[in-house]
Amino acid sequence: MKSLIYLIVGIFFGIVMFKSEAASWFRIYEMFNFQSFHMYGLMGSALAVGVIVVQTIKRKKMKDTSGNEIKIQDKNKSIPRYLIGGILFGLGWALAGACPGPMFVLLGAGYLPILVVILGAVIGTWLYGMLRDKLPH
């Protein structure tokens, strides 16, 4: 039953991403060229909702579906870590025209060339897993 709920939520997420044009390469191109507010508005509203939800979870000591209290640990404060990671993520996003969520939305919408990007993301994730202990964190 839980898998069905996750599938329904994933399909809803995909529909929202596609209909809002968040998975559109042209919208992403406009954003990186500072030609449109569309994507900044989408991400800004998602950030605001995320902050509100996380604060609600922390303050009300909410529980997960198993009845365990949800504990969100504070992140390590490290400027180079987030700066380098953000630059790499942004470069990949700009080159591919999609970040991880929209990659699968585009595949579901029938854009088969995105399979090359998904393959690259899987290989990159695998490489990171292999090299994680040797990288500075």
How long is the gap from [atom1] on [X] to [atom2] on [Y], to the nearest 0.5 Å?
X: Lys77; Y: Lys75; atom1: NZ; atom2: NZ; answer: 10.5 Å
X: Leu107; Y: Leu115; atom1: CG; atom2: CG; answer: 5.0 Å
X: Ile28; Y: Met31; atom1: CD1; atom2: CE; answer: 6.5 Å
X: Cys99; Y: Met43; atom1: SG; atom2: CE; answer: 8.0 Å
X: Phe37; Y: Leu42; atom1: CZ; atom2: CG; answer: 9.0 Å
X: Arg59; Y: Thr56; atom1: CZ; atom2: OG1; answer: 8.0 Å

Please name the pair of heavy atoms, one in Ala98 and one in Ile114, separated by the smallest distance, quoted to 0.1 Å.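 For Ala98 versus Ile114, the nearest heavy atoms are CB-CD1, 4.3 Å.
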
Ignoring hydrogens, what is the shortest heavy-atom contact between Ala22 and Met39? Give both atom names and the distance.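 Minimum heavy-atom separation between Ala22 and Met39: O-CE, 3.6 Å.
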
Partners passing salt bridge (charged side-chain N to carboxylate O under 4.0 Å, His left out) against Asp74 (at least two apart in sequence or in another chain):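 Residues passing salt bridge (charged side-chain N to carboxylate O under 4.0 Å, His left out) with Asp74: Lys58.
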
Distance-only, no hydrogens or angles: does the Asn68 side chain make a donor-acceptor pair with backbone N or O of Asp64 under 3.5 Å?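 Looks like no, no N/O pair under 3.5 Å.
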
State plainly whether one hydrophobic cluster holds both [X] and [Y], where clusters connect Ile, Leu, Val, Met, Phe, Trp and Tyr through side-chain heavy atoms under 4.5 angstrom apart.
X: Phe13; Y: Leu106; value: yes
X: Leu83; Y: Leu91; value: yes
X: Phe18; Y: Val117; value: yes
X: Val122; Y: Phe104; value: yes
X: Phe34; Y: Phe32; value: yes

Among residues two or more places apart or on two chains, list those pairs meeting side chain to side chain donor-acceptor pair (under 3.5 Å) that have a residue in residues 37-49.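 Side chain to side chain donor-acceptor pair (under 3.5 Å) check on residues 37-49 returns no pairs.
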
Salt bridge or not between Glu21 and Arg27? Use side-chain N to carboxylate O under 4.0 Å.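 Salt bridge present between Glu21 and Arg27.
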
Side chains of Tyr29 and Ser36 in contact at under 4.5 Å (non-hydrogen atoms):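 Side-chain contact under 4.5 Å: no.
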
